[in-house]
Amino acid sequence: MSSIPKTEQSSSSQGFRKTGEQAISQTPLHPRRRSRRIMVGPVPVGGGAPISVQSMTNTVTADINATLQQIAELAAAGCDIVRVAVPSQDDADALPIIAKKSPIPVIADIHFQSKYVFQAIDAGCAAVRVNPGNIRKFDQVGPEICKAATDAGISLRIGVNAGSLDKDIYARYGGPTPEALVASALKEAHMFEDVGFHDFKISVKHHDPVTTVQTYRLLASKGDWPLHLGVTEAGPSWQGTIKSCLAFGALLAEGIGDTIRVSLSAPPVEEVKVGCKILEYLGLRQRHFDIISCPSCGRAQVDVIELAKEVTEGLKDITAPIRVAVMGCIVNGPGEAREADLGVASGNGKGQIIIKGKVVQTVPEDQIVPTLLERAKEIAAQMDAKAAAEGETLPEAGPMVVPVTGRAS
């Protein structure tokens, strides 16, 4: 069982922002599943590499400026890998410029027309996503795709979706069951491997989180392919976030999953924010700004909802791992604030500002937010300065890497 590819492609000439180290990342909850490693540009996927966050642009890919602008926004939010749709010839023609100028690796998303796969490879895309269930005559063109990818030194993703399952497999299993989705993935994986191609990852997406978990568990038991996690067509932001958290939380807590995409009916940047936070809260990515705030209740003596909203908005660009507690009464407020880097315990028209467990200032209610923001930015600057003095760099967005003795295989 392999772990590190024979060659790891260098993309420095394309100016990629390197995300994650060529190291091993572990969750505190469970050992990572052993998978082989592939590369998507400079980003390692599988083999214990830090779990990467993906999203997909919703621009018309042929609109190069709009697409590159959105990719830049996604990269700034913490996206490691981006996918662009290629449904037309105009989109395929735009790929060389997009792949060259993108700050993060670009995956071309191809359906139906296999000719676009070859164009994407020639354009310099870091990887290509193909859905064998809807690529015409895939059994014939698949080996040619593998050869082209091998010659270019890029990886592929087999994308199996409940909505585009092979008709024969659908009929055999009576629908998009976990067994059906895995059977489809295995069929295509073996076809790739039969022609000597191994640099691919697999996704087996379903809209139902329980089915998604069952499917990935089953697939994970069948081989060492790196797995891309996703709940497809997850829905609007609030619903899709819940579905993704349930499925990803269950799988990542078991060590299953090497790269993720949160699929939301929302702006792509929101997908990245949710994905990054899922990894942060599972201990799989460097923690950035985090807010602790109590729920609204009859004990609250201030508008906690509005306070938390204003503090979150005011500190949204902070990258230092500062934890801020916004508490609305004296029951849990002082204790929770003591556990944070900075906090406020509010009541009786005022707020006690607490730093590292000590009350340092008492301010009127209308001064709580500006005071918290000022103090938080001071603490964040101190964290940045300390990291710089110690020769460290607080990461812009990459996954948290925890060295582990030995190597994944």
Considering only NZ, NE, NH1 and NH2 on the basic side and carboxylate oxygens on the acidic side, decide whether Arg217 and Glu254 come within less than 4.0 Å. yes
Run the salt-bridge test on Asp258 and Arg32 with the 4.0 Å N-O cut-off and return the result as yes or no. yes
Donor-acceptor check, side chain of [X] to backbone of [Y], threshold 3.5 angstrom: yes or no?
{"X": "Arg287", "Y": "Pro321", "answer": "yes"}
{"X": "Asp80", "Y": "Val53", "answer": "yes"}
{"X": "Asp199", "Y": "Ile38", "answer": "no"}
{"X": "Asp166", "Y": "Asp168", "answer": "yes"}
{"X": "Tyr216", "Y": "Gly257", "answer": "no"}
{"X": "Ser263", "Y": "Ala234", "answer": "no"}
{"X": "Ser293", "Y": "Met327", "answer": "no"}
{"X": "Ser184", "Y": "Leu181", "answer": "no"}
{"X": "Gln286", "Y": "Glu280", "answer": "no"}
{"X": "Glu310", "Y": "Val369", "answer": "no"}

Run through Gln367, Arg375, Gln352 and flag the one making a side chain to side chain donor-acceptor pair (under 3.5 Å) with Gln361. Arg375
Establish, from distance only, whether the side-chain atoms of [X] and [Y] form a donor-acceptor pair under 3.5 Å.
{"X": "Arg157", "Y": "Ser203", "result": "yes"}
{"X": "Gln54", "Y": "Thr259", "result": "yes"}
{"X": "Glu73", "Y": "Gln69", "result": "yes"}
{"X": "Gln89", "Y": "Asp93", "result": "yes"}

Report the distance from atom [atom1] of [X] to atom [atom2] of [Y], rounding to the nearest 0.5 Å.
{"X": "Arg261", "Y": "Ile107", "atom1": "CZ", "atom2": "CD1", "value": "11.0 Å"}
{"X": "Leu284", "Y": "Leu29", "atom1": "CG", "atom2": "CG", "value": "8.0 Å"}
{"X": "Leu342", "Y": "Glu378", "atom1": "CG", "atom2": "CD", "value": "9.5 Å"}

With sequence neighbours left out, what residues match Asp341 under salt bridge (charged side-chain N to carboxylate O under 4.0 Å, His left out)? Lys356
Where [X] and [Y] come nearest, the two heavy atoms and their spacing:
{"X": "Val272", "Y": "Cys79", "result": "CG1-N, 3.5 Å"}
{"X": "Tyr281", "Y": "Asp290", "result": "OH-OD1, 2.7 Å"}
{"X": "Ile154", "Y": "Phe197", "result": "O-CZ, 4.0 Å"}
{"X": "Val106", "Y": "Ala99", "result": "CG2-CA, 4.3 Å"}
{"X": "Val45", "Y": "Val40", "result": "CG2-CG2, 4.0 Å"}

Is the charged tip of Arg36 near the ring of Phe200: under 6.0 Å from the six-membered ring centre and within 45° of its axis? yes
side-chain contact (heavy atoms from CB on, under 4.5 Å) with Leu74: of Ser55, Ser102, Pro267, only one passes, and it is Ser55
CA sep, side-chain torsions, deciding dist, call: Thr57, Thr67, side chain to side chain donor-acceptor pair (under 3.5 Å): CA-CA 7 Å; Thr57 57; Thr67 300; 5.3 Å; no
